[in-house]
Visitor: 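I am attaching a structure below and will ask some questions about it afterwards.
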Protein chains: 2
Amino acid sequence: MTDNQHIRMTRQRKVILEELCKVCNHPTADQVYEMVRKRLPHISLATVYRNLEILSGIGSIMKLEFAGAQRRYDGNAAPHYHARCQGCDKVVDAHMPPIDVPQVPESLNGFFITGHQFEFTGYCEDCRKAMADSEKSRDSFHKTGASLPH
Amino acid sequence: MTDNQHIRMTRQRKVILEELCKVCNHPTADQVYEMVRKRLPHISLATVYRNLEILSGIGSIMKLEFAGAQRRYDGNAAPHYHARCQGCDKVVDAHMPPIDVPQVPESLNGFFITGHQFEFTGYCEDCRKAMADSEKSRDSFHKTGASLPH
DNA sequence: ATAGGTGCAAAACTTTTGCGTCAAG
DNA sequence: CTTGACGCAAAAGTTTTGCACCTAT
């Protein structure tokens, strides 16, 4: 909003943006760090975090606050939706038209609505297989939000 | 989810569930801890985490993985939607009918869809006021597009 | 030149885990 | 009794921050 401060295009920032736009998985800050490190071996993780924050602030990238504990970033800043695997937390694009945004309910008075978030939840192919396997060996997952299909 | 293991209703678990169902804000694990601590001063934060995980696993409460870095929990396990303030991260209920779930796009083959998540994003009344104020004193937000108050 | 940006290291948080002990069923 | 659960403390993992030095503009 009203960004009245110079944003310099440093080498680090440029590389981060380039690398992020190059991939279509939705990396975490740490994964971006690893990607960028191949071109800028001395970059700091703090710099990556700072830049992801700034770039998403000015709308050059998208910050995915959907995905549970760990944030993910998307080089595609255009509005689109995702699906998240409840098993491994992987995020993939869901190519689909914008959904019919429902009427904003009255209960949200006071609130100034800027948009909405939508994502499918489910299990990716890999995790389904893993689940089918452990089904036999009665091991179960207590881990992650992966509290199984319900 | 084939829960083939006994789940004991301990005093701690009972109190956590009770306290969570009592409130309609959507507390973080830490906030639940503070609430419960008034009745069980010796409870451990780890116990709170473990129980929130278990209770959401068996569907007694809802784990909100929407809200950015920090998870929130909802004593109302019935499916319903929320709105989240991008300023202070507060989460409120949006009383509304279930949305028309869009067709699952082909791009999501392989994926076994179990459901979807939807939430409005925007700014709550408090944060709007705070924004209007800092507008004058040209302080700007370098942070998030909106890391105001809290 | 100036002030935004960087790297490094340490701090701040949030969440999970190992382990000895306790208590629900 | 048995075994799931607890409390504690320590670990793990993610994100932020202070500071002195750079470097785009």
Side-chain angles (χ1 to χ4, degrees), chain A residues 3-17 26-34 36-37 39-58 60 63-73 88-89 138 140-147, chain B residues 3-17 26-34 36-37 39-58 60 63-73 88-89 138-144 146-148 150:
Chain A
D3 107 61
N4 55 341
Q5 92 187 280
H6 277 202
I7 299 218
R8 296 182 186 165
M9 188 45 73
T10 60
R11 196 153 32 105
Q12 291 86 339
R13 185 162 297 158
K14 187 154 161 284
V15 172
I16 289 171
L17 190 52
H26 303 70
T28 62
D30 192 66
Q31 291 168 330
V32 173
Y33 175 56
E34 290 305 332
V36 170
R37 216 136 76 103
R39 291 174 55 186
L40 301 175
H42 293 300
I43 197 173
S44 137
L45 178 57
T47 297
V48 172
Y49 269 105
R50 278 189 281 239
N51 276 305
L52 290 173
E53 194 59 36
I54 290 174
L55 289 171
S56 69
I58 62 178
S60 297
K63 176 160 60 167
L64 306 183
E65 305 224 68
F66 265 98
Q70 200 169 5
R71 277 175 209 149
R72 289 172 176 278
Y73 298 87
C88 63
D89 219 52
R138 210 83 297 269
S140 88
F141 326 49
H142 0 274
K143 285 275 160 160
T144 13
S147 33
Chain B
D3 102 64
N4 55 342
Q5 95 188 279
H6 277 204
I7 299 219
R8 296 182 186 167
M9 186 46 72
T10 60
R11 198 152 32 105
Q12 290 87 339
R13 185 163 297 158
K14 187 152 160 285
V15 172
I16 288 172
L17 189 52
H26 304 68
T28 61
D30 192 66
Q31 291 168 331
V32 173
Y33 175 57
E34 290 305 333
V36 170
R37 215 134 76 104
R39 290 174 56 186
L40 301 175
H42 292 301
I43 197 175
S44 138
L45 179 56
T47 297
V48 172
Y49 269 104
R50 277 188 282 238
N51 276 304
L52 290 174
E53 193 60 35
I54 289 175
L55 289 171
S56 69
I58 63 177
S60 296
K63 176 159 62 167
L64 305 183
E65 304 224 68
F66 264 98
Q70 201 169 2
R71 277 174 210 151
R72 288 172 177 277
Y73 297 86
C88 62
D89 220 51
R138 214 83 291 275
D139 241 346
S140 89
F141 328 57
H142 5 269
K143 295 258 129 175
T144 342
S147 57
L148 285 214
H150 51 226

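Residue numbering restarts at 1 for every chain, and letters A, B, ... go by the order of the sequence lines. Note that these values count all heavy atoms, side chains included, but never hydrogens, waters or copies made by symmetry.
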Visitor: Would you say dT15(C) has OP1 or OP2 under 4.0 Å from some side-chain N or O of Tyr49(B)?
Guide: yes

Visitor: By the 4.0 Å heavy-atom rule, please label Ile43(A) as base, sugar-phosphate, or nothing.
Guide: sugar-phosphate

Visitor: Please determine whether a side-chain nitrogen or oxygen atom of Ser44(A) lies at a distance below 4.0 Å from atom OP1 or OP2 of dC8(C).
Guide: no

Visitor: Looking at every heavy atom in both Val48(A) and Ala29(A), which two are closest together, and how far apart are they?
Guide: CG1-O, 3.7 Å

Visitor: Hey, could you give me the OH/CG distance between Tyr73(B) and Leu52(B), rounded to the nearest 0.5 Å?
Guide: 5.0 Å

Visitor: Return the value, rounded to whole Å, for the distance between atom CG of Leu45(A) and atom C1' of dT15(D).
Guide: 8 Å

Visitor: Between Thr10(A), Leu40(A), Ile43(A), Ile54(A), which is the residue that forms a side-chain contact (heavy atoms from CB on, under 4.5 Å) with Ile16(A)?
Guide: Ile43(A)

Visitor: Base, sugar-phosphate alone, or nothing: which one does Asn51(B) contact when heavy atoms must sit under 4.0 Å apart?
Guide: sugar-phosphate

Visitor: Distance check needed: dT16(D) P versus Leu52(A) CG, whole Å only.
Guide: 10 Å

Visitor: For Leu40(A) and dG5(C), what is the distance between atoms CG and C1' respectively, to the nearest whole Å?
Guide: 14 Å

Visitor: Rounded to the Å, how far apart are His6(B) NE2 and dA23(C) C1'?
Guide: 15 Å

Visitor: Provide, to the nearest angstrom, the distance between the CG atom belonging to Asp30(B) and the C1' atom belonging to dT15(C).
Guide: 11 Å

Visitor: Phosphate oxygens OP1/OP2 of dC8(C): is one of them under 4.0 Å from a side-chain N or O of Arg50(A)?
Guide: no

Visitor: What distance separates Lys14(B) NZ from Arg39(B) CZ, expressed to the nearest 0.5 Å?
Guide: 7.0 Å

Visitor: So, taking the atom named CZ in Arg50(B) and the one named CZ in Arg13(B), what distance separates them when rounded to the nearest 0.5 Å?
Guide: 10.0 Å

Visitor: Going by the rule salt bridge (Lys or Arg N to Asp or Glu O under 4.0 Å), which residues pair with Arg8(A) if we only count those two or more places apart in sequence or in a different chain?
Guide: none

Visitor: Taking CD1 from Ile7(B) and P from dG4(D), how many angstroms apart are they, rounded to a whole number?
Guide: 11 Å

Visitor: Okay, side chain of Arg72(A), backbone of Leu64(A): is any donor-acceptor separation there less than 3.5 Å?
Guide: no

Visitor: Using a cut-off of less than 4.0 Å, is there contact between a side-chain N or O of Arg71(B) and OP1 or OP2 of dT16(C)?
Guide: yes

Visitor: On DNA chain D, does the nearest nucleotide to Ile54(B) precede the nearest nucleotide to Tyr73(A) from the 5' side, or the other way round? Give the residue.
Guide: Ile54(B)

Visitor: Near DNA chain D, counting only heavy atoms under 4.0 Å, which residues of residues 9-16 of chain B show up?
Guide: Thr10(B), Gln12(B), Arg13(B)

Visitor: What about Arg8(B): does its side chain form a donor-acceptor pair under 3.5 Å with the base of dG4(D)?
Guide: yes

Visitor: Output the rounded distance in Å from NE2 (His42(B)) to C1' (dA23(C)).
Guide: 17 Å

Visitor: Rounded off to whole Å, could you give me the CG-to-C1' distance for the Leu17(B) and dA5(D) pair?
Guide: 16 Å

